[in-house]
Amino acid sequence: QSMRGDLRGAEIAGISADTDPGELARMRAAHDAAREARDRRAAEERARGEAMVPALWGSLPTRHPWGERYLAGRGLDPAELRQLGDVVRYYRDGSPAVLLHDLAAGRPINIIRRQIDGKPSKVLSLSLARVLRCDDVAGGFTTEGTLIGRVSDIDPEGVDVAILTEGVTDSLAALLAFPTCAVIGANGCGMMPAITGAVAPRLVAARGCLFVTVDHDKGDQGAWGAARA
């Protein structure tokens with residue numbers, strides 16, 4: 001069945017058993033060139049969008065009655081969070097948001113928000129099409145990075161303990177519980193292994209340690225992400 005599917009796919013692509021090898025090579029080269037061009041365009045568009053993240057973050061309010069009420073209901077004191085710096089802001093509907101930082105350079109590359117209105121998707125990130133005001137984009141913002149803290153926060157002369165957690169509210173909770181540690185939240189349990197791989201060399205150099213938390217709300221998925229980390 002798989003072979004029949006492959007043959008059918010080849011027919012749709014205009015390839016048959018007697019297709020000239022030179023033509024096949026030209027088709028492959030054209031396909032590779034188109035893919036590379038799309039990848040370059042996606043990278044350029046993402047870079048343009050990421051350059052706008054600091055201004056987008058700065059435009060969000062630092063106070064919101066609905067958002068602060070939501071956080072308080074989750075056991076997170078908004079006043080205590082404000083004392084820790086510019087760690088959380090709010091969207092118009094009150095959804096609390098945090099910055100996502102690049103694993104390598106630590107620069108802000110996305111804004112992740114936790115919806116509070118009960119919509120099916122609890123966590124949303126920036127839309128590259130909306131940020132660039134263009135429907136025809138080749139890709140989107142990455143969601144691989146660290147929430148709130150940065151990998152570079154680990155310093156042999158300073159912070160040598162990192163807390164890896166998952167999600168917006170859990171990352172804020174870790175920040176309150178461990179204010180002297182580097183909180184490096186993951187935007188989804190599937191991102192936890194990549195963050196661990198990025199922070200491990202710095203922790204080794206600092207002779208420090210990493211505490212990995214488990215999000216039991218996600219059942220086996222949360223345990224899988226933490227175990228992989």
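Atom set for the values below is all heavy atoms of this structure, side chains included, hydrogens, waters and symmetry mates excluded.
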Sequence neighbours left out, what passes side-chain hydrogen bond (donor to acceptor under 3.5 Å, both in side chains) with Tyr70? Give chain and number order.
Arg74
Counting only heavy atoms from other residues, nucleotides and ligands, does the tally under 6.0 Å from CH2 of Trp66 exceed 12?
no
Given Glu45, which partner from the list Val131, Leu132, Asp136 fulfils the side chain to side chain contact (heavy atoms under 4.5 Å, CB included) test?
Leu132
I'd like a table of donor-acceptor pairs (distance under 3.5 Å, sequence neighbours excluded) in which one partner is a side-chain atom from residues 179-204, with atom names and distances.
residue	atom	partner	partner atom	Å
Thr196	OG1	Met192	O	3.0
Arg202	NE	Val151	O	3.3
Arg202	NE	Ile154	O	3.2
Arg202	NH2	Ile154	O	2.9

Within-4.5 Å side-chain heavy-atom neighbours: Ile111 and Val53:
yes
Using the test side-chain contact (heavy atoms from CB on, under 4.5 Å), find all partners of Glu44 that sit at least two apart in sequence or belong to another chain.
none
Identify, with sequence neighbours excluded, every residue that meets salt bridge (Lys or Arg N to Asp or Glu O under 4.0 Å) alongside Arg26.
Glu23
Qualifying residues under side-chain contact (heavy atoms from CB on, under 4.5 Å), relative to Ala129, sequence neighbours excluded
Ser127, Val137
Contact list for residues 137-151, test side-chain hydrogen bond (donor to acceptor under 3.5 Å, both in side chains), sequence neighbours left out
His101-Arg150
Can you pull the ring pair (Phe, Tyr, Trp, His ring centres under 6.0 Å) pairs that have at least one residue in residues 137-196, sequence neighbours excluded?
none
Pairs involving residues 58-71, ordered by first then second residue, that meet salt bridge (charged side-chain N to carboxylate O under 4.0 Å, His left out) (sequence neighbours left out)
Arg63-Glu68, Glu68-Arg82
Which residues share a salt bridge (Lys or Arg N to Asp or Glu O under 4.0 Å) with Arg107, sequence neighbours left out:
Glu50
Sequence-distant partners of Asp86, salt bridge (Lys or Arg N to Asp or Glu O under 4.0 Å), two or more places apart:
Arg89
According to side-chain hydrogen bond (donor to acceptor under 3.5 Å, both in side chains), who are the partners of Ser95, at least two apart in sequence or on a separate chain?
Asp93
Check salt bridge (Lys or Arg N to Asp or Glu O under 4.0 Å) between Asp135 and all other residues, then give those that pass, not counting sequence neighbours.
none
